[in-house]
Amino acid sequence: NHSSSIHKKLMGIPHILVLPFPAQGHVNPLMHLSKRLVQHGFKITFLNTDFNHKRVVSATNEHVNLEGPRMRLISIPDGLGPEDDRNDLASLCVAMLRTMPSLVERVIEDINGLDDDASEKISGIIADVNMSWALEIADKLGIKGAVLCPSAAAISAMQESIPKLIQDGILDSNGLPVKNRKFQILPGMPIMDTADIPWCIGDSTSMKIIFDYVVRLVQWSHLTDWRLCNTTSDLEPEALSLCPKILPIGPLMESDDNLRSLGQFWEEDLSCLSWLDQQPPCSVIYIAFGSFTVFDPLQFKELALGLELTNKSFLWVVREDIDTKGNTKTAYPDEFQGTRGKIVKWAPQQKVLRHPATACFISHCGWNSTVEGLSNGVPFLCWPYFADQVFDKSYICDVWKVGLGFDLDEKGLISRWEIKKKVDQLLGDDNIRGRSQKLKGMIVNNTLEGGQSYENFNKFVEWLKE
Ligand code: UDX
C-alpha cells in the first residue's frame, strides 16, 4: 500500500561499508559475506587497499561485473610505499593504523554527503576483526559497526585470554612467548607450544609491535555486540563457550552465481576444472598453500618428487611468487615429469574442493582452506607454516581427526618418501574419510533453515536493517 511504499523509500536500501584486512585470506570471507548481504537487499561498498585493489581488478576479466549496482569496489592507500614489503606484518599494521582510519572516515563522509538520497548513505561498517579500529569511526559517525573474524573462533578466544596467558607465564609482560612451554586454553582445544602462538610472528621487535596491535584490536572489538566468525558451533564448541559473544555464521563460501570468484588477487585458471572432469571420482591429490607461503627450493623439489612417487593424479597450485626469487620454473628437479599432474598458478579452490574427483588436500591449513576442505568432506594432509596454521593443523589432526601431519627428516625437510607414505596412509584410511563426511554434513546443516549459522546471519541482517 501507499504508506508502506513511502516508508520503504524513506528507509532506503541499506548501504554497508566492508573493510577487509589487506590479504587474500581476509578479502575472501568478507567478499562472501558481502555477496550474501547483496542477496538480502543490501548495497555494499567494498574497500580494499590501493595495492590489492589493482590486483583484484587486473585478475578479474570482463565476465565479472565489478561495479554492479549493488556492489562497488573502491580503494584507499595502506600507508606503505610502492616497493615496501607487504608481507612484513608489523610494518603493515603500523602504516595502516597511521593512515587508514582518517581516510576511511573521509570515504564515508564523502559518500554520505554526496546527495540527499537516503538510500545511498552508508549506515554501517563491517570490518575484519584485524581492522576493528574502524568501530571507533562507526561510533563517532553514529552508524552501525560489526566485525568478522576470518580465523577460528579459538584465535579470538586466545587473544581474549592474553591477560591470563601473561599471568600463567606463557607470555612475558611484553607479550613475547616464553620458550618451550605448552598450554591449552580449554580442555577439548588443541595443546599448543608457545612457539606457535598465532600472532607471534617475526623477530622480537616485530612480535612486540604485533602484540600491541592485537591488544588494541581486542579492546576495539568490544565496541560492538556483533562479532561474527567464519566458523560453526559443531567445529568449535569450547572456543565459542569461552567467548559467547562471538556469533558463528560459517561456513562463508562463494555462491554459485559467477564463473569466476570476485576479489581474487590472481586470475583463476579454470582449465583445471575440465581437467578434473576427466579424472575418476576421488582420485586426485589437490595441493595448495594459500596466498603468501613461500617455499624453500630444496623442499619444493622434494614435494615435486614426492607427488611423482605417489603415482597418483595431482592438481598443484604453484603461485608465481611461491619462492622469494620468483624462479620456481627453474626449480623443478630434472627427474620430475609431472605427466600425471596439472600445475596451475591459481586455482578456483572452492570449485576444486567441491569436485568429485578430488580425493585429498595437501594444505598449509590457513583457516579458509581448512573450512573449505571441511565443508566439502575432503581429508587433509597438513603442512602448516606460521600464524594460525599450526593451531588449525592441531584441530584437523587431533580434535576433528580428519587429517594427518607430516614428519620431518633429519635435514628438517618433508621428504618425498614421507609424502608418498602419508598420501597412501590417508587414502587408505576409511575412518578418516568417514569422519570427514560426517563433519561435512554437520557443517552444512548450520547453513540450512533452523541451523545456528543461518539463524545468526538472519538476526544480523535484521539488526543491520533496523
Ligand atoms: C591467511 C592466513 O594464512 C590464514 O591462516 C588466516 O586464517 C587467513 O589469512 P592464506 O594463507 O592465504 O590466509 O590461507 P587461507 O586462509 O587458506 O586463504 C586462502 C584463500 O585463497 C582461500 O579462500 C582459498 O580458497 C583461496 N585460494 C587459494 C584460491 O582461490 N586459489 C588457490 O589456488 C589457492
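Every number for a ligand or one of its atoms is a count from 1 in the order of the listing. The figures that follow rest on heavy atoms only: side chains count, while hydrogens, waters and symmetry mates do not.
Using a 4.0 angstrom heavy-atom cutoff, Gln264 counts as in contact with ligand 1.
Inspection of the Asp50 and Ser75 side chains reveals an N or O donor paired with an N or O acceptor under 3.5 Å. Checked by atom type, the side-chain pair Glu372/Asn376 shows no donor-acceptor distance below 3.5 Å.
Near Val317, meaning under 4.0 Å from any of its heavy atoms, are these atoms of ligand 1: 33 (O). Residue contact check: Ser151 has heavy atoms under 4.0 Å from atoms 7 (O) of ligand 1. With ligand atoms numbered from 1 in the order given, ligand 1 contributes 10 (P), 11 (O), 12 (O) to contacts under 4.0 Å with heavy atoms of Ser291. The ligand atoms of ligand 1 that sit less than 4.0 angstrom from a heavy atom of His26 are 8 (C), 9 (O).
Polar contact with ligand 1: absent for Gln24 (N/O pair, distance under 3.5 Å). The shortest N or O to N or O distance between Ala347 and ligand 1 is under 3.5 Å. Ligand 1 has an N or O atom lying under 3.5 Å from an N or O atom of Asn368, backbone or side chain. The shortest N/O to N/O separation between Gln389 and ligand 1 falls below 3.5 Å. The N/O atoms of Ser369, backbone and side chain alike, include one that comes under 3.5 Å of an N/O atom in ligand 1.
Proximity of Arg319 to ligand 1, defined as any heavy-atom pair under 4.0 Å, is not found for any part of the residue. No part of Ala387 comes within 4.0 Å of ligand 1, judged by heavy-atom distances.
With distances taken over non-hydrogen atoms, the option nearest atom 19 (C) of ligand 1 out of Cys365, Pro348, Gly290 is Gly290.
Phe300 and Phe336 have their aromatic ring centers separated by at least 6.0 angstrom.
By the 4.0 Å N-to-carboxylate-O rule, Glu160 lies close enough to Arg227 to be salt-bridged with it.
Side chains of Met96 and Met131 form a contact here, defined as non-hydrogen atoms less than 4.5 Å apart.
Once rounded to the nearest 0.5 Å, the distance linking CD1 of Ile210 with CG of Leu89 reads 5.0 Å. To the nearest 0.5 angstrom, Ile155 atom CD1 is 5.0 Å from Asp388 atom CG. Remark: Cys272 SG to Trp316 CH2 distance equals 15.0 Å, nearest 0.5 Å.
The single protein non-hydrogen atom nearest to atom 27 (N) of ligand 1 is Trp346 CZ2, 3.3 Å, given as residue, atom name and distance. Here the heavy atom of the protein found nearest to atom 13 (O) of ligand 1 is Gly25 CA, 3.6 Å. Closest to atom 22 (C) of ligand 1, if we only count protein heavy atoms, is Glu372 OE2, 3.5 Å. With hydrogens left out, the protein atom closest to atom 14 (O) of ligand 1 is His364 NE2, 2.9 Å, a heavy atom. The closest protein non-hydrogen atom to atom 7 (O) of ligand 1 is Asp388 OD2, 2.6 Å. Distance from atom 20 (C) of ligand 1 to its nearest protein heavy atom, with residue and atom name: Asn28 ND2, 3.5 Å.
A perpendicular orientation is assigned to the rings of Phe457 and His40, their planes being inclined by more than 60° (bins at 30° and 60°). Ring-plane geometry between Trp383 and Phe289 is classed as perpendicular, the angle between the planes exceeding 60 degrees on a 0 to 90 degree scale with a lower cut at 30.
Put simply, the residue from Leu30, Ile74, Ile125, Leu103 that forms a side-chain contact (heavy atoms from CB on, under 4.5 Å) with Leu47 is Ile74.
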Take Lys351 and Glu254 through the test salt bridge (Lys or Arg N to Asp or Glu O under 4.0 Å) and record every step on the way to the result.
-> CA-CA 9 Å; Lys351 296 183 180 77; Glu254 73 181 19; 3.1 Å; yes
